There are 2 protein chains.
Amino acid sequence: MTKPEQDRNISSSFAKGLAVLAVFDAATPSMTLAEIARRTRQDRATARRGALTLVQAGYLRQQGRMLSLTPRVLALAGGFLQANQFGRRVQPILNQHARKIGAEVSLATLDQGRVLLLAQSTTEHGPITYGFTAGAHIPLVHTSLGRMLMACLAQEEAVALLESADIPQHTEQSRRDAAEILPQITKARSQGYCLTDSEFEPGIIGYAVPVSRPGQTPVVVGSSAPRGRDTGRNTEALLQALQICAADLRQTNVVEDL
Amino acid sequence: MTKPEQDRNISSSFAKGLAVLAVFDAATPSMTLAEIARRTRQDRATARRGALTLVQAGYLRQQGRMLSLTPRVLALAGGFLQANQFGRRVQPILNQHARKIGAEVSLATLDQGRVLLLAQSTTEHGPITYGFTAGAHIPLVHTSLGRMLMACLAQEEAVALLESADIPQHTEQSRRDAAEILPQITKARSQGYCLTDSEFEPGIIGYAVPVSRPGQTPVVVGSSAPRGRDTGRNTEALLQALQICAADLRQTNVVEDL
DNA sequence: ATCATAAGTACGAATAACGAACCAAGTCAA
DNA sequence: TTGACTTGGTTCGTTATTCGTACTTATGAT
């Protein structure tokens with residue numbers, strides 16, 4: 001009577017359940033029922049039904065009062081990874097260049113205004129930086145990957161995204177003002193690469209170059225390395241290597257479709 | 001009127017929606033609505049609601065009449081991977097041993113009666129075998145990983161699983177009779193490793209050893225290599241290397257909890 | 001002990017999902 | 001071409017399902 005009936009094509013209970021599954025991120029890998037309810041802003045009873053359904057479906061496990069993800073969630077991602085030939089085509093390229101560069105190489109895209117790590121080189125030696133893996137979300141405004149991704153958008157989209165993003169302060173050097181950051185994005189777009197210095201981790205310089213072509217959904221590849229005394233020379237070489245890596249990735253056509 | 005009266009704690013629409021998301025696997029990375037409905041055995045209208053909800057939530061994308069997964073599904077798995085420190089602790093171990101062995105190393109567990117690849121070494125050189133990645137399902141009865149996993153179960157569970165599994169014929173050498181396969185599983189359990197020869201890919205020998213301790217949820221690590229003329233000697237070395245790899249993985253305690 | 005928080009149960013009301021029936025637009029074979 | 005078939009989309013009455021309040025039962029900390 002009162003309610004403008006919402007889209008009959010959308011299953012609201014399903015959407016709520018998905019929200020339950022999505023709250024399990026790296027920061028909170030296991031939660032209690034009440035915590036889920038709070039974070040999804042659902043009624044406790046509703047969250048409970050969603051969680052129990054996920055348990056029954058095998059995506060969550062319940063030990064005591066804690067709920068946590070099961071390996072089965074990997075199967076959901078597996079379809080995407082295999083369909084896009086990540087194992088066969090993307091990963092080798094990332095590894096190859098990571099080895100040449102001597103640092104980890106990451107492939108990332110935008111996902112609901114956050115940086116989503118699509119793949120990451122796995123070097124046997126070399127510094128293991130942060131324990132990021134495919135599927136991880138990383139900061140948007142203070143990483144070279146994030147800024148380069150925003151630079152892949154049209155200027156007005158980038159502005160909107162930047163303004164809606166919150167700007168934490170990871171380090172002393174983290175720029176806090178959007179007005180300071182926006183020029184960096186514009187610069188990145190015009191010069192075709194992005195550098196950040198110590199804004200996410202002190203002493204670490206981030207490098208990123210675009211992979212996607214203009215108009216496509218943004219995909220970038222990047223790396224990071226501690227600032228050394230011959231940083232100037234290295235920067236050139238590193239960016240060039242990343243550009244080649246990006247070109248190789250473009251050739252695989254796996255980034256064509258998002 | 002009648003008695004639907006199923007568990008009030010389970011949200012059936014949510015479960016149906018999850019089923020829609022789960023049908024997207026490596027074999028069928030993009031499907032039409034009708035196809036989804038057929039494979040999930042849901043009414044077309046029901047499947048449509050589920051799919052559209054997934055589109056709105058950003059997990060599916062619709063191009064023309066085809067629906068396919070978006071990278072966002074990676075975010076679901078990302079929580080699991082980060083929580084268990086796969087990037088930091090598991091992957092380096094797999095890579096290190098893969099390099100030593102000279103072949104890919106895979107970590108796998110059981111998921112609803114199928115073999116689920118948890119992680120896989122990414123070698124820069126060396127043979128890139130099948131394009132398997134984390135989250136992929138691989139055959140159960142004709143791979144060393146699968147048989148070793150079944151060997152990790154109690155005998156009666158293994159028997160039940162084997163009997164419920166279908167037995168395709170990948171190669172000429174694929175054993176087709178459960179009565180033939182069961183002894184192989186028993187043998188694997190008693191000797192602590194499993195070998196398969198050309199039952200999945202002709203000329204390829206599969207090796208697997210357990211990682212999980214008895215009673216835990218089964219986790220195994222394995223590798224594969226083409227049969228050469230010095231296979232006999234290599235088998236020894238390879239199994240030993242895998243055992244060490246398994247021991248290293250046990251020490252990380254990441255497989256404790258599945 | 002008390003207080004606070006979490007989890008489980010129950011149930012009537014409200015509604016959201018179901019699926020049949022139908023239409024329009026492709027698609028393919030004859 | 002025609003005609004049979006498939007697919008996607010829409011509508012709509014029925015009813016099963018979900019919602020959320022309220023109550024009760026753990027668990028745990030002070």
Side-chain angles (χ1 to χ4, degrees), chain A residues 1-25 27-70 257, chain B residues 1-25 27-70 257:
Chain A
M1 55 194 282
T2 61
K3 270 322 162 44
E5 69 293 331
Q6 69 163 9
D7 194 342
R8 299 259 287 166
N9 298 327
I10 300 295
S11 168
S12 64
S13 356
F14 181 24
K16 285 177 194 167
L18 279 175
V20 170
L21 184 57
V23 289
F24 289 86
D25 60 348
T28 55
S30 74
M31 319 171 63
T32 142
L33 222 37
E35 211 169 343
I36 295 173
R38 267 192 310 257
R39 296 177 68 114
T40 58
R41 299 185 178 175
Q42 294 176 2
D43 186 89
R44 262 218 350 270
T46 304
R48 181 169 180 267
R49 277 186 287 271
L52 289 182
T53 305
L54 284 166
V55 169
Q56 192 198 249
Y59 295 105
L60 286 186
R61 62 197 301 248
Q62 196 169 16
Q63 33 196 0
R65 40 178 54 181
M66 296 311 262
L67 292 153
S68 54
L69 295 171
T70 71
D257 54 346
Chain B
M1 190 78 177
T2 57
K3 71 235 12 297
E5 252 352 295
Q6 65 167 14
D7 194 342
R8 299 258 285 169
N9 298 327
I10 299 296
S11 168
S12 65
S13 356
F14 181 25
K16 284 177 194 167
L18 279 175
V20 170
L21 184 57
V23 290
F24 288 86
D25 60 349
T28 56
S30 73
M31 322 171 63
T32 85
L33 270 176
E35 213 169 343
I36 295 173
R38 266 191 311 252
R39 296 176 68 113
T40 59
R41 306 203 173 151
Q42 295 175 4
D43 186 272
R44 270 222 331 277
T46 303
R48 181 169 180 269
R49 279 186 286 270
L52 289 182
T53 306
L54 284 166
V55 169
Q56 191 197 249
Y59 295 105
L60 285 186
R61 60 198 300 248
Q62 196 168 15
Q63 32 197 3
R65 43 178 51 182
M66 297 310 265
L67 292 153
S68 55
L69 295 172
T70 71
D257 52 348

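The analysis underlying the following values was restricted to heavy atoms, covering all of them including side chains, and did not include hydrogens, waters or symmetry mates. Each chain gets a letter, A, B and so on, in the order the sequences are listed, and its residues count up from 1. Please read all numbers here as calculations on a predicted model, not as lab measurements.
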Between [N] ([atom2]) and [X] ([atom1]): distance, integer Å:
X: M66(A); N: dA6(C); atom1: CE; atom2: P; result: 11 Å
X: L52(B); N: dA16(C); atom1: CG; atom2: C1'; result: 16 Å
X: R65(A); N: dA26(D); atom1: CZ; atom2: P; result: 12 Å
X: N9(B); N: dT9(C); atom1: CG; atom2: C1'; result: 9 Å
X: F14(B); N: dA16(D); atom1: CZ; atom2: P; result: 23 Å

For S13(B) and Q62(B), take the nucleotide of DNA chain D holding the closest heavy atom to each; which residue's nucleotide lies nearer the 5' end?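 This one resolves to Q62(B).
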
Let's see if you can work this out: which of dC12(D), dT18(D), dT9(C) has an atom nearest to the side-chain heavy atoms of R48(A)?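 Closest of the options to the side chain of R48(A): dT9(C).
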
Contact list for DNA chain D against residues 30-46 of chain B - heavy-atom distance below 4.0 Å: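 Hits under 4.0 Å, by residue number: T32(B), L33(B), A34(B), R38(B), R44(B).
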
Could you walk me through whether R65(B) and L33(B) pass the side-chain contact (heavy atoms from CB on, under 4.5 Å) check? CA-CA 7 Å; R65(B) 43 178 51 182; L33(B) 270 176; over 6 Å; no

Check this one for me: any side-chain N or O of R49(A) less than 4.0 Å away from OP1 or OP2 of dC19(D)?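 The answer is yes; a side-chain N or O of R49(A) sits under 4.0 Å from OP1 or OP2.
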
OP1, OP2 of dA17(C) versus side-chain N and O of K16(B): anything below 4.0 Å?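 Answer is no, no contact under 4.0 Å.
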
Do the side chain of R8(B) and the base of dG20(D) come within less than 3.5 angstrom through a donor-acceptor pair of N or O atoms?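 Such a pair does not exist between side chain and base.
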
Output, in order, the C-alpha distance, side-chain angles, deciding distance and verdict of side-chain contact (heavy atoms from CB on, under 4.5 Å) for L69(A) and L21(A). CA-CA 8 Å; L69(A) 295 171; L21(A) 184 57; 3.8 Å; yes

Are any side-chain N or O atoms of T53(A) and backbone N or O atoms of S11(B), one a donor and one an acceptor, separated by less than 3.5 Å?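 Confirmed, T53(A) side chain pairs with S11(B) backbone.
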
Donor-acceptor pair, distance only, cut-off 3.5 Å: does the side chain of T70(B) make one with the backbone of G58(B)?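 Between the backbone of G58(B) and the side chain of T70(B) there is a qualifying donor-acceptor contact (under 3.5 Å).
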
Name the one of E35(B), R38(B), M31(B), Q42(B) that satisfies side-chain contact (heavy atoms from CB on, under 4.5 Å) with V23(B)?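 Going through E35(B), R38(B), M31(B), Q42(B) one by one, the side-chain contact (heavy atoms from CB on, under 4.5 Å) with V23(B) is satisfied by M31(B) alone.
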
Quick one, Q56(B) with D7(A), criterion side-chain contact (heavy atoms from CB on, under 4.5 Å). Give me CA distance, side-chain angles, the key distance, then yes/no. CA-CA 11 Å; Q56(B) 191 197 249; D7(A) 194 342; 5.6 Å; no

